[in-house]
Amino acid sequence: MITVANRLQTVEEYYFSKKLREVNALKVSGKPIINLGIGSPDLMPPQTVVDAITESFKYPNVHQYQSYQGLPELREAMCSFYKTQFHVDANPASEILPLMGSKEGILHISMAFLNPGDEVLIPNPGYPTYASVTKLVEAKAVTYDLDEANGWLPDLKALEQTDLSKVKVMWVNYPHMPTGANATETLYEELVAFAKRNHILIVNDNPYSFVLNDNPRSILSVPGAKDVCVELNSLSKTFNMAGWRVGMVLGNATHISAILKVKSNMDSGMFYGIQKGAIEALKSTDQWFKNLNAAYQKRRDLVWKLADLLGCTYDKTTSGLFVWSKLPEGVDAEAFIDKILYDNSIFITPGIIFGTQGKGYIRFSLCASEAELQESINRIKN
Ligand SMILES: Cc1ncc(COP(=O)(O)O)c(C=O)c1O
C-alpha cells in the first residue's frame, strides 16, 4: 500500500462530498429528498449563453488547447463588466485572469503567495475551502471571529492587537457566505489601510455580489486597493453557470502574473465554447439581474416561512443565495438537521461546518423551486 502525502492528514474530505453520499443513498432508497443544503443554482443561464456554446461547435479550433490567459475577448468582457458594475478599471492584458471557477483561484493564490509556515487569516464562520487549501500548502490557518453582534464584520482593531508579523494573506468574503452579511461602505477602506499597515495581501472572494443585493461592491474600487488586494469573482451564482466553471481574479499585473505562473502549470486553458458562453453572459442587461432576484425573492419568502415554522430567527437584510438562521437556544444543529432529514426528507446545512462561530445556526439554500419549498413547508406543518 502506498502511503498518502502528509499534507492529506491535515484535511478531511469536504463536508458536502461526504454528506451528499448519505443524502443520495436516502434518495436511491426511495425517500422524496428536497435538498436545501447546497448552493448550486438550478435556474437556467441566459439563452444567449446556451446559444453561444452551441454555435461554438461549428468552429474548427474549438477542440484545441486554448490560451492559458483565456481569449482576449473574454478578458475584455470581464474587465468591462467590472467597469460597468463596480466602476473598477482593470487592464485586460495584465490585470485579470479567467479561472475555472473562483474555487480554483483559492488554491492558485495560495500556491502563488504562501510558503510553509506563513499565517493566513480566515473568517469564522466562512467558506471551508480557505482553511483546507491553506493546510494543503502547509501554511497556518489563523481564524478571525465574526459574530452576529458585530454584523458578521471583522474587528480589525482587535486583530491589530495580535501578532500579525507572520500573516501573509487574509481571506475576506462579502456578501458573506454563510451569513449573507454585506460589507459596509467603510469596511473595504479600512481593510485596504489595514493591509498596507501590516503588509498583508487581502483576497476578497466576491461570488455573491449580484444575488439579492442592491449595492454590489468591489474592494478594488477603493483607491490604492490594487497594491494590496486581489478579488475573485465568478459566473456561477450571477448567471446560474456553476457547472460551467468560469471565474476570474483581478489585481495588479505583478499579482496576476504570479497567479498565472501557477495556473499555466496546472491546466491548459478553458474550453473555447465555455469562453464564448461566458462572454455572452457578461453582456447581460439589468433586466437579467432583476429577473434573477425576483425569482430568489419569492423563494426567500418561502424559506422565511419555513424557518419560522422551525422556530428559527434570521436577518431580513442579508444578500446571497442562503438564509442563515439561528436555532432556538440549546438546540444541537447536527441532531436537528438529521431529524429533519430522516423524518421529513429535507436536507439543510448545519452552521458548524463553517466554523465554531456557526454553532447554533443552520443554513437554507435558495437553490430549490418554489414548489419544493412549499412542499417543505407542508411537510413541517404536518
Ligand atoms: C464563498 C464562496 N467562494 C467561492 C465559491 C466557489 O464558487 P465557484 O468556484 O463556483 O466560482 C463558493 C461556492 O459555493 C463560495 O460559497
Side-chain angles (χ1 to χ4, degrees), residues 14-17 19-20 35-43 45 49 70 74 78 81 96-110 120-134 141 143 146 152 154 169-183 202-213 216-219 230-250 259 263 266-267 270 274-275 277-278 281-282 296 318-324 349 351 353-355 357-358 363-368:
Y14 194 49
Y15 171 82
F16 284 114
S17 161
K19 191 72 184 177
L20 288 178
N35 190 342
L36 306 184
I38 201 150
S40 178
D42 55 314
L43 296 166
V49 169
L74 176 59
M78 287 174 166
F81 180 79
I96 187 150
L97 183 62
L99 299 172
M100 295 179 193
S102 57
K103 189 171 187 179
E104 182 199 38
I106 299 171
L107 179 65
H108 292 352
I109 291 167
S110 301
V120 181
L121 291 173
I122 288 171
N124 174 14
Y127 187 43
T129 304
Y130 309 139
S132 49
V133 165
T134 299
T143 54
L146 304 177
W152 305 103
V169 167
M170 176 178 187
W171 289 95
V172 173
N173 159 230
Y174 292 98
H176 181 243
M177 198 293 298
T179 67
N182 258 299
I202 295 211
V203 189
N204 187 41
D205 184 20
N206 198 7
Y208 295 99
S209 34
F210 298 96
V211 181
L212 295 173
N213 185 14
R217 288 198 182 102
S218 162
I219 199 166
V230 295
E231 182 162 285
L232 289 169
N233 215 314
S234 165
L235 275 58
S236 295
K237 330 282 176 181
T238 306
F239 299 108
N240 302 328
M241 292 169 70
W244 284 58
R245 313 308 304 133
V246 187
M248 64 196 93
V249 56
L250 290 94
I259 301 165
K263 183 169 163 64
M266 296 270 166
D267 67 67
M270 192 190 297
I274 290 181
Q275 298 190 66
L282 292 160
Y296 281 133
T318 57
S319 296
L321 268 190
F322 305 100
V323 172
W324 178 247
T349 308
I353 72 155
F354 305 106
Q357 290 291 101
R363 190 195 76 170
F364 299 88
S365 165
L366 300 180
C367 300

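Counting starts at 1 for both ligands and their atoms, in listed order.
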[X], portion touching ligand 1 at heavy-atom distance under 4.0 Å:
X      : result
Met177 : side chain
Ser102 : both
Arg245 : side chain

May I ask you to check whether Phe210 and Phe81 place their ring centers less than 6.0 Å from one another?
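Centroid distance Phe210-Phe81: below 6.0 Å, so yes.
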
Passing option when Asp205 is tested against Tyr174, Trp171, Tyr130 for side chain to side chain donor-acceptor pair (under 3.5 Å)
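Result: among Tyr174, Trp171, Tyr130, Tyr130 is the only option passing the side chain to side chain donor-acceptor pair (under 3.5 Å) with Asp205.
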
Heavy-atom contacts with [X] under 4.0 Å: which atoms of ligand 1 show up? List them by number with element.
X      : result
Asp205 : 1 (C), 2 (C), 3 (N), 4 (C)
Tyr130 : 1 (C)
Asn173 : 1 (C)
Lys103 : 6 (C), 8 (P), 9 (O)
Gly101 : 9 (O), 11 (O)
Ser236 : 8 (P), 10 (O), 11 (O)

Least distance between heavy atoms, Met270 atom then Leu99 atom:
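For Met270 and Leu99, the tightest heavy-atom pair comes out as CE-O, 3.3 Å.
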
Give me the atom names and distance for the closest heavy-atom approach of Arg363 to Pro178.
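In this case the closest contact between Arg363 and Pro178 is CD-CB, 3.7 Å.
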
Note the single closest protein heavy atom to [atom], along with its residue, its atom name and the distance in Å.
atom                    : answer
atom 11 (O) of ligand 1 : Ser234 OG, 2.6 Å
atom 14 (O) of ligand 1 : Lys237 NZ, 2.9 Å
atom 16 (O) of ligand 1 : Tyr208 OH, 2.6 Å

Tell me, do Ser365 and Leu321 make a side-chain contact under 4.5 Å, heavy atoms counted?
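SC-SC contact between Ser365 and Leu321 ruled out.
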
Please state whether Pro207 comes within less than 4.0 angstrom of ligand 1, counting heavy atoms only.
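Contact present.
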
Examine the side chains of Asn204 and Glu231 and answer whether a donor and an acceptor come within less than 3.5 Å of each other.
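Note: Asn204 and Glu231 side chains meet the donor-acceptor criterion.
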
Spacing of Leu121 atom CG and Ile202 atom CD1 [to the nearest 0.5 Å]:
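Answer rounded to 0.5 Å: 8.5 Å.
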
To the nearest 0.5 Å, what is the distance between CG (Asn182) and CG (Asn213)?
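Reported to 0.5 Å precision, the distance equals 4.5 Å.
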
Below 4.0 angstrom, N of the basic side chain to O of the carboxylate: do Arg245 and Glu104 qualify?
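Between Glu104 and Arg245 there is no salt bridge, as every charged N stays at least 4.0 Å from the carboxylate O atoms.
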
